[in-house]
Engineer: 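What follows is a single structure, and I will ask about it in a moment.
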Amino acid sequence: MAPLLATGLLAAGVIALPAATRAEPLVTQGIGASSCSKLAADLKPAEGLQNPVNLMLYAWVQGYLSAANVALLEHDGKHVDLAGLDEQKVVGMIATYCKANPDHKPSAAVDDFIRKAAKNRAKWDVGTIDWNG
């Protein structure tokens, strides 16, 4: 009975944590929202996806760019072709950016890439994605 009571009290304590000690909302979490100064030392472009930080970053960038493409398509029917953006280019781009801009976030590098990238027109019916349905 004592272990069960202790588990219950522990769970109640975790649930009752003050708001200040809880994690930030999910939208502000993730490797792309981390500090470049912290990330730059952990990125090892030469190690490819064998490096867990490189892998995490690459997966995050793919998701970020996919979401950006949906937004671009919804806005004006254009998108960025991501076919040539492999892990070496992504990790290298972020590593270079973060070393030069330690006070920024990796997401700023991706935003800059999106702004400068050629946009391709696509057939897209605005409003076809209904996430509120």
Side-chain angles (χ1 to χ4, degrees):
M1 182 70 170
L4 184 58
L5 179 61
T7 302
L9 290 173
L10 180 60
V14 169
I15 292 170
L17 284 175
T21 62
R22 291 187 191 140
E24 292 181 26
L26 188 58
V27 75
T28 62
Q29 295 178 357
I31 198 165
S34 62
S35 159
C36 269
S37 63
K38 292 179 183 177
L39 184 61
D42 293 328
L43 290 175
K44 310 282 189 236
E47 294 179 14
L49 298 182
Q50 298 305 310
N51 177 302
V53 178
N54 292 355
L55 178 60
M56 244 188 324
L57 178 72
Y58 183 62
W60 179 85
V61 169
Q62 285 181 317
Y64 192 94
L65 288 169
S66 294
N69 266 343
V70 170
L72 287 167
L73 287 164
E74 282 287 310
H75 176 70
D76 64 1
K78 295 179 183 173
H79 68 97
V80 176
D81 182 3
L82 305 177
L85 201 57
D86 62 17
E87 68 270 7
Q88 289 178 332
K89 288 180 184 172
V90 168
V91 176
M93 172 180 69
I94 303 293
T96 300
Y97 180 87
C98 282
K99 285 178 185 170
N101 302 282
D103 56 327
H104 292 182
K105 297 178 187 249
S107 57
V110 182
D111 290 337
D112 189 52
F113 169 80
I114 294 167
R115 273 190 292 279
K116 293 175 180 175
K119 310 297 186 297
N120 301 312
R121 183 142 309 275
K123 183 179 182 314
W124 183 267
D125 294 324
V126 174
T128 57
I129 299 175
D130 182 12
W131 286 310
N132 293 318

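The figures here come from the full heavy-atom set of this structure, side chains too, leaving out hydrogens, waters and symmetry mates. Note that the numbering runs from 1 along the sequence shown for the chain.
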Engineer: Rounded to the nearest 0.5 Å, what's the gap from CD on Glu87 to CD on Gln62? Could you check?
Structural biologist: 9.0 Å
Engineer: Tell me whether Val53 is reachable from Tyr97 by hopping between hydrophobic residues (I, L, V, M, F, W, Y) whose side-chain heavy atoms are closer than 4.5 Å.
Structural biologist: no
Engineer: Nearest 0.5 Å, please: how far is NE2 in His104 from CG in Asp111?
Structural biologist: 12.0 Å
Engineer: Ser34 and Pro106: which non-hydrogen atoms are nearest, and at how many Å?
Structural biologist: O-CD, 3.0 Å
Engineer: How long is the span from the CG atom in Asp76 to the CD atom in Glu74, to the nearest 0.5 Å?
Structural biologist: 10.5 Å
Engineer: Mind listing the closest non-hydrogen atom pair of Cys36 and Lys105 along with its distance?
Structural biologist: SG-C, 3.7 Å
Engineer: Taking all heavy atoms of Arg115 and all of Ala108, pick out the closest pair and write down the distance.
Structural biologist: NH2-O, 4.4 Å
Engineer: Would a single hydrophobic cluster contain both Met93 and Trp60, if residues Ile, Leu, Val, Met, Phe, Trp and Tyr are joined by side-chain heavy-atom contacts under 4.5 Å?
Structural biologist: yes
Engineer: Does Val61 reach the side chain of Phe113, with side-chain heavy atoms less than 4.5 Å apart?
Structural biologist: no
Engineer: Flag yes if more than 12 heavy atoms outside Lys44 fall under 6.0 Å of its NZ atom; otherwise flag no.
Structural biologist: yes
Engineer: List the atom of Pro102, the atom of Ser35, and the distance in Å for their closest heavy-atom pair.
Structural biologist: O-OG, 3.8 Å
Engineer: Quick one: pull up SG in Cys98 and CG in Asp103 and give me the separation to the nearest 0.5 Å.
Structural biologist: 10.0 Å
Engineer: Mind listing the closest non-hydrogen atom pair of Ala122 and His79 along with its distance?
Structural biologist: CB-CD2, 3.6 Å
Engineer: Do Leu57 and Leu39 have side chains that get closer than 4.5 Å, going by heavy atoms?
Structural biologist: yes
Engineer: Is there a chain of hydrophobic side chains (I, L, V, M, F, W, Y, each step under 4.5 Å between heavy atoms) that links Ile31 to Tyr58?
Structural biologist: yes
Engineer: Using atom types as modelled and distance alone, determine if a side-chain donor or acceptor of Asn69 lies under 3.5 Å from a backbone N or O of Val80.
Structural biologist: yes
Engineer: Is the backbone of Gly77 close enough, under 3.5 Å, to the side chain of Lys119 for a donor and an acceptor to pair up by distance?
Structural biologist: no
Engineer: Which value, rounded to the nearest 0.5 Å, describes the distance between Gln88 atom CD and Leu49 atom CG?
Structural biologist: 9.0 Å
Engineer: Quick check on the hydrophobic clustering: are Val90 and Leu65 connected, directly or via other members, by side-chain heavy-atom contacts under 4.5 Å?
Structural biologist: yes
Engineer: Give me the atom names and distance for the closest heavy-atom approach of Ile114 to Ala68.
Structural biologist: CD1-CB, 3.5 Å
